[in-house]
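Counting starts at 1 for both ligands and their atoms, in listed order.
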Amino acid sequence: QKLCGCGPHSYTAKHFLHAPGHRQSPIDIHTDEVRLDPRLNIKRLTWNYPKETIELLNTGYCWKAHVPTEGATLSGGPLSHDYELAQYHCHWGENDHLGSEHLVNGQSYGAEIHFVNWNTKYGSFNEALKYGDGLAVLGVFLKVGKENPELNKLCELTCDIKHKEECVRFKNTVDPNKLLPEKGAYYTYLGSLTTPPCNECVIWIVFVEPIEVSHAQLESFREMMSMKKGGCTQPTGEHRILNNYRPPLSVEQRVVSLGYL
Ligand code: BO1
Ligand code: ZN
């Protein structure tokens, strides 16, 4: 599929208020420039996420998963307050060699899951979008290798949300904790939403170690379509959700720090 003229590769100042800023995301993380930051260890980064996912939605741009958010908190590490999990979603490519939003030393992974959390001191998600520490997003790279049994329960549902705005409830639920590493290092830096309006409100936390998923699992994402059911007469191949990642933006004056779980 060709990259659409209005897609992530073309977000500019003209289109979106925040896109010309100095803390845009994603970025290419250069591992020889990351700094060990002892302040990240004063209180370790921890989360208290629910053990279930409620439903899966085709947004027309990606799949998005909803969880019970009551008490679903993230804190510590680079965060000075409690953040609440709102949703998790994914970005992927047309093949296994690209798809992640963040790059590491110029290299892409096949996909990247984002766990989106908002700072509870701002009272609501939409209010939090207005502040530089409003959101904290956990990024997990997906690398093609062996099948991931937990993610499989989600992959099996993508055929039920083939079209935009379709939504399905989990029977065989996914535990979001099992899609996150239990130990290891993370990169953290100040950035933005990677989709319009690209607000510069995100404390990014990207795990160094990818999780493994199979080629077939990523293929199940690539079956999803950006159109509503019956919404178009053209061949369906033209409307698959592919390459829904934004290319890396300039690091500018920013520092990427390294913390440990
Ligand atoms: S991302 O994690 O930087 N790719 C990202 C990008 C955009 C959003 C969230 C995360 N957008 C927001 C929408 C809100 C919506 C919220 C939660 O996601 O602006 O309208 O409520 O789903
Ligand atoms: Zn995202």
Side-chain angles (χ1 to χ4, degrees), residues 6-9 11 15-19 21 23-29 47 49 53-70 72 74 78-79 83-93 98-103 108-120 122-142 151 154 161 164-165 167 176 179-180 186-207 210-211 218 221 224 226 241-249 254:
C6 57
H9 295 261
Y11 303 154
H15 297 102
F16 306 107
L17 189 60
H18 301 275
R23 54 172 280 190
Q24 287 290 298
S25 294
I27 57 168
D28 181 5
I29 298 164
W47 52 87
Y49 284 171
T53 305
I54 300 171
E55 58 183 16
L56 191 69
L57 170 73
N58 177 335
T59 68
Y61 304 96
C62 65
W63 58 254
K64 182 164 91 171
H66 287 130
V67 295
T69 57
E70 184 78 26
L74 172 73
L79 311 175
Y83 288 69
E84 185 177 281
L85 180 62
Q87 47 109 331
Y88 62 96
H89 65 267
C90 192
H91 303 261
W92 61 87
L98 78 190
S100 67
E101 298 214 289
H102 289 92
L103 307 187
S108 296
Y109 287 92
E112 185 174 331
I113 296 180
H114 291 155
F115 293 85
V116 183
N117 310 265
W118 57 277
N119 192 331
T120 59
Y122 298 124
S124 74
F125 185 96
N126 285 335
E127 184 64 17
L129 291 173
K130 301 173 187 167
Y131 300 90
D133 63 349
L135 300 194
V137 182
L138 297 180
V140 181
F141 292 125
L142 275 56
L151 192 71
L154 188 152
I161 56 157
K164 182 176 180 173
E165 289 172 19
C167 184
L179 303 176
L180 290 159
Y186 59 83
Y187 306 111
T188 181
Y189 76 97
L190 300 178
S192 73
L193 297 179
T194 64
T195 62
C198 302
N199 302 41
E200 296 187 326
C201 64
V202 182
I203 300 176
W204 277 97
I205 298 167
V206 179
F207 295 107
I211 60 170
L218 291 188
F221 300 169
M224 289 174 59
S226 59
I241 302 173
L242 300 170
N243 306 320
N244 57 353
Y245 60 93
R246 190 186 193 192
L249 285 293
R254 291 174 289 179

**OP:** Please could you name the atoms of ligand 1 that H91 approaches to less than 4.0 Å, counting only its heavy atoms?
**Re:** 4 (N)
**OP:** Below 4.0 angstrom from a heavy atom of H89, which ligand 1 atoms are there? Numbered from 1 as shown, please.
**Re:** 1 (S), 2 (O), 4 (N), 10 (C)
**OP:** Indicate whether any N or O donor in one side chain lies under 3.5 Å from an N or O acceptor in the other, for Y83 and D133.
**Re:** no
Original post:
Strictly by modelled atom types, are Y88 and T53 linked by a side-chain donor-acceptor pair under 3.5 Å?
Top reply: yes
Subject >> Member of Y245, Y189, Y109, Y187 meeting the ring pair (Phe, Tyr, Trp, His ring centres under 6.0 Å) criterion with H102 >> reply: Y189
**OP:** Would you mind finding which of W204, Y245, W118, F125 brings a heavy atom closest to atom 12 (C) of ligand 1?
**Re:** F125
**OP:** Return the option from V202, V116, L57 holding the heavy atom at the smallest distance from atom 10 (C) of ligand 1.
**Re:** V116
Heavy-atom closest contact ([X] atom, [Y] atom, distance):
X	Y	result
W204	G191	CD1-CA, 3.9 Å
L249	S25	CD2-O, 3.9 Å
C90	N244	O-ND2, 3.6 Å
G132	I203	O-CG1, 4.4 Å

Original post:
What N/O/S atom of H91 gets nearest to the Zn ion (ligand 2)?
Top reply: NE2
**OP:** Would you mind naming the N, O or S atom of H89 nearest to the Zn ion (ligand 2)?
**Re:** NE2
Which protein non-hydrogen atom lies closest to [atom], naming both residue and atom, and how far is it?
atom	value
atom 6 (C) of ligand 1	T195 OG1, 3.2 Å
atom 11 (N) of ligand 1	L193 CD1, 4.4 Å
atom 19 (O) of ligand 1	L129 CD1, 4.4 Å

**OP:** Using distance alone, determine whether N126 and ligand 1 share an N or O pair under 3.5 Å.
**Re:** no
Subject >> N or O contact, Q87 vs ligand 1, cut-off under 3.5 Å >> reply: yes
**OP:** Between T194 and ligand 1, find which residue part has any heavy-atom pair under 4.0 Å and reply side chain, backbone, both or neither.
**Re:** both
Original post:
Counting heavy atoms not belonging to Y122, are there more than 12 under 6.0 Å from its OH?
Top reply: yes
Subject >> Test side chain to side chain contact (heavy atoms under 4.5 Å, CB included) applied to W92 and L142, step by step >> reply: CA-CA 9 Å; W92 61 87; L142 275 56; over 6 Å; no
**OP:** Return yes when at least one N/O/S atom of H114 is nearer than 2.8 Å to the Zn ion (ligand 2), and no when none is.
**Re:** yes
